[in-house]
Amino acid sequence: MTSIRLTNTRTRSKELFEPLDASNVRMYVCGPTVYDRAHLGNARPVIVFDTLFRLLRHVFGADHVTYVRNFTDVDDKINARAAELRAAGDARPLEEIIRDLTDCTIEWYHADMDALGALRPTQEPRATEWIGAMIAMIEQLVAGGHAYERDGHVLFRVRSYREYGRLSGRSVDDMIAGARVEIAPFKEDPLDFVLWKPSSDDLPGWNSPWGRGRPGWHIECSAMAHELLGDSFDIHGGGIDLQFPHHENEIAQSRCAHPEGGFARYWMHNEMLQVEGRKMSKSLGNFFTVRDLLDQGVPGEVIRLVFLQTHYSRPMDWTAEKARAAEAVLRRWHSLVDDIEPAPEPAPEVVAALADDLNTAGAIAELHALANAGQAALLKSSARLMGLLTQDRPDWLAPKVDLAPLAQRLAEMRRKAMETKDFSEVDRMKSALVAAGVEVRMSRAGVELVPGPDFDAGKLQDLA
RNA sequence: GGCGGGUUGGCGGAGAGGUUACGCAGCGGAUUGCAAAUCCGUGUAGACCGGUUCGAUUCCGGUACCCGCCUCCA
């Protein structure tokens with residue numbers, strides 16, 4: 001069996017991956033807060049962990065991997081957006097606006113991530129459907145002395161978890177010295193974080209032992225991971241920005257609530273996305289969504305290939321030039337594998353590259369090698385392992401049109417021109433074809449016309 | 001201020017303590033009426049300074065610069 005090696009953030013080293021149960025490999029990845037379209041940065045963990053999911057399914061079997069990715073549908077950003085909508089004239093009750101907003105955003109998210117070739121996770125729990133599990137976990141933490149109630153809030157007592165800060169390499173004392181933590185009067189310690197907070201009547205809330213309220217952000221992942229994957233599971237993933245405090249807090253909660261379990265054994269973090277060399281942010285004006293790119297005609301498959309060209313542990317720069325180059329590569333590969341039956345197994349070199357800490361760039365180099373060697377069937381099966389070339393002649397490629405009559409006419413014109421030495425007619429037709437986005441291939445053997453990236457059937461009307 | 005990541009040829013971007021990454025672009029050639037496409041060939045790379053070593057771009061230490069997280073945005 002292929003042995004997989006993964007860089008474990010927890011130990012800061014590349015380790016052999018050995019699942020607790022090879023018949024059920026379990027992975028949890030932090031999903032989106034659903035209040036708006038996913039931006040391009042949101043796509044990175046999706047593509048990275050989808051690739052890992054595919055690799056795990058390949059190695060352990062498609063039915064032996066459980067991949068859980070949550071939807072955070074209770075959050076103050078959602079409440080704020082809903083309040084905006086109401087202020088803008090939406091007369092429905094807040095809860096209804098929120099349900100509609102989150103439902104709609106989840107639909108968008110699915111559509112956008114599907115376009116990137118990402119498989120749906122095995123389970124996609126919504127936080128609001130697991131409030132009971134969260135309350136139960138908080139009760140356990142309170143009972144165990146790891147949490148305390150203050151002014152309707154329940155707070156996690158960071159000092160009660162000795163290893164707090166280990167994942168992110170921080171010490172509690174250093175962080176307090178850094179003083180960039182919210183000071184709230186009801187906290188015993190500035191680093192203590194909220195497990196439960198009270199909701200006023202105009203906010204969503206659930207009844208709890210501490211009154212009507214809503215969960216803090218971190219508890220949902222702990223509760224849902226526990227319910228769906230157990231006390232101990234294999235992989236926990238997410239963006240590096242979540243390492244602290246989110247994942248640190250998850251660990252503290254989970255380990256304290258279920259000391260018998262080890263929570264996640266391998267922690268994986270993807271580095272951040274940049275755009276044209278700068279952080280993507282609204283203030284820099286380089287902020288855009290996956291849907292924006294798709295609408296501009298950048299195919300999801302192209303986005304995926306660009307992402308996979310950079311190792312997940314490195315910052316990745318999105319540039320228009322990369323998208324252009326990736327599209328050219330995919331065009332070539334598609335023309336090579338169309339109508340070819342994929343090989344039963346992917347190439348061992350590609351699997352080996354992926355198994356080496358998800359070396360997607362190395363795997364792509366192997367795909368190039370297969371393409372150069374004319375190994376179309378292996379190229380297809382190997383690319384598919386990475387979620388590429390999954391579709392024959394996808395929509396974004398030029399439609400298959402019959403240009404044979406035009407080719408014949410051009411061939412005839414050329415034959416005559418060869419005799420008369422007057423190529424002006426031939427050149428005129430050739431430029432017209434090129435203007436319509438057709439690639440003109442003339443050789444001794446004959447004339448071949450291939451629709452290119454800018455193919456425009458309308459411009460061919462003049463030639464008919 | 002605390003923590004973490006990075007610096008590879010014109011550009012993008014990997015692996016490996018000693019032997020071609022790979023892709024794009026460029027250059028030379030084949031081919032072509034001319035092109036395009038295709039094929040063949042082609043690169044003086046490894047921020048800087050030390051150390052370890054027979055040998056380092058690859059390991060260790062330091063310096064510089066860049067980036068991220070700690071703060072609503074992943």
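Chain letters run A, B, ... following the sequence lines, proteins first, then strands; residues in each count from 1. Computed from a predicted structure; not experimentally measured.
- Using a 4.0 Å heavy-atom cutoff across all strands shown, A:D427 reaches at least one base atom of the nucleic acid.
- Contact of the A:F233 side chain with the A:V68 side chain is not registered, since no non-hydrogen atoms from C-beta on lie closer than 4.5 Å.
- Annotation for A:R120: atom CZ counts as buried by contact number, over 12 foreign heavy atoms lying within 6.0 Å.
- Here the shortest heavy-atom pairing between A:G239 and A:H269 reads O-CD2, 3.4 Å.
- Comparing the C1' positions of B:A56 and B:G61 gives a spacing of 15 Å, expressed to the nearest Å.
- Of the side-chain N and O atoms in A:N372, none sit less than 4.0 angstrom from OP1 or OP2 of B:C39.
- Here the separation of B:A21 from B:G33, taken at their P atoms, is 38 Å to the nearest Å.
- A distance of about 46 Å separates the P atoms of B:C73 and B:G50, rounded to the whole Å.
- When side chains are defined from C-beta on, A:I97 does not count as touching A:D100, because their heavy atoms never get closer than 4.5 Å.
- B:U58 sits 31 Å from B:G2 when the C1' atoms are compared, rounded to a whole Å.
- With B:G33, B:A14, B:A37 as the candidates, the nucleotide lying closest to the side chain of A:E439 is B:A37.
- Across every strand in view, B:C34 sits unpaired, with no contact that passes the Watson-Crick or G-U test at under 3.5 angstrom.
- Taking atom CZ on A:R441 and atom P on B:G33, their separation rounds to 17 Å, with Å as the unit.
- Among B:G33, B:A21, B:A14, the nucleotide with an atom closest to any side-chain atom of A:N359 is B:A14.
- Note: CG (A:L367) to C1' (B:C24) measures 17 Å, nearest angstrom.
- For A:A365, taking side-chain heavy atoms from C-beta onward, the closest of the listed nucleotides B:G33, B:A21, B:G23 is B:A21.
- Looking only at distances, a side-chain donor or acceptor of A:K187 sits under 3.5 Å from a matching main-chain atom of A:D192.
- Across the P atoms, B:G43 and B:C48 are found 23 Å apart, a figure rounded to whole Å.
- Straight-line distance from the CD atom of A:E248 to the C1' atom of B:G4: 13 Å, rounded to whole Å.
- B:A47: Watson-Crick or G-U partner is B:U63, with both key distances under 3.5 Å.
- Put simply, CZ on A:R166 is 18 Å from P on B:C3, counting in whole angstrom units.
- Residue contacts for A:R81: at a heavy-atom cut-off of 4.0 Å it reaches no nucleic acid atom on any strand shown.
- Remark: aromatic rings of A:H110 and A:F71 are close, center separation under 6.0 Å.
- Heavy-atom nearest nucleotides on RNA chain B were determined for A:R314 and for A:H311, and the one closer to the 5' end corresponds to A:R314.
- Nucleotides B:A36 and B:G29, compared at atom P, are 13 Å apart to the nearest Å.
- Judged by Watson-Crick or G-U wobble contacts below 3.5 Å, the nucleotide B:G15 has no partner.
- Ranking B:C70, B:A14, B:G33 by closeness to the A:F244 side chain, first place goes to B:C70.
- Between the P atom of B:G6 and the OH atom of A:Y312 lies a distance of 12 Å, rounded to the nearest Å.
- Remark: the A:K77 side chain and the B:C73 base include no donor-acceptor N/O pair separated by less than 3.5 Å.
- We find that CG of A:L336 is positioned 14 Å from P of B:G23, with the value rounded to whole Å.
- Relative to the side chain of A:R324, the nucleotides B:G5, B:G23, B:C24 differ in distance, and B:C24 lies closest.
- If you check every strand for non-hydrogen atoms under 4.0 Å, A:I364 touches nothing.
- At a threshold of 4.0 angstrom between heavy atoms, the contacts of A:V426 include nucleobase atoms, whether or not backbone atoms are also involved.
- Nucleic acid contact for A:D36: none, since no nucleic acid atom lies under 4.0 Å from a heavy atom of the residue.
- Look at B:G41: its Watson-Crick or wobble partner, with both distances under 3.5 angstrom, is B:C27.
- Using a 4.0 Å heavy-atom distance criterion, A:R44 is classed as making no nucleic acid contact.
- Considering only the side chain of A:K322, B:G13 comes nearest among B:A35, B:G13, B:C70.
- Using N1 to N3 plus N6-O4 or O6-N4 for Watson-Crick, or N1-O2 and O6-N3 for G-U wobble, each under 3.5 Å, B:A21 pairs with nothing.
- The A:H39 side chain lies nearest to B:C73 when the options are B:A35, B:A14, B:C73.
- The gap from the C1' atom of B:G46 to that of B:G18 amounts to 16 Å, rounded to the nearest Å.
- Residue-to-nucleotide proximity on RNA chain B shows that, of A:Q274 and A:R12, the 5′-proximal contact is made by A:R12.
- A 3.5 Å limit on both hydrogen-bonding distances identifies no Watson-Crick or G-U partner for B:G9.
- The aromatic ring centroids of A:H246 and A:W217 lie less than 6.0 Å from each other.
- Remark: A:K416 NZ is loosely packed, at most 12 non-hydrogen atoms of other residues, nucleotides or ligands lying under 6.0 Å away.
- Pairing of B:G1, defined by two Watson-Crick or G-U wobble distances under 3.5 Å, is identified with B:C70.
- Across the protein-nucleic acid pair, A:M272 atom CE and B:C69 atom P stand 7 Å apart, rounded to whole Å.
- Here the P atom of nucleotide B:G33 and the CG atom of A:L410 are 13 Å apart, to the nearest Å.
- Taking the P atom of each, B:G9 and B:U44 are spaced 14 Å apart, rounded to whole Å.
- Closest to the side chain of A:R332, from the set B:U38, B:G33, B:C72, is B:U38.
- Checking A:Y109 against A:N42 by side-chain atom types alone, no donor-acceptor pair falls below 3.5 Å.
- Taking a pair to require two hydrogen-bonding distances under 3.5 Å in either a Watson-Crick or a G-U wobble arrangement, B:A56 remains unpaired.
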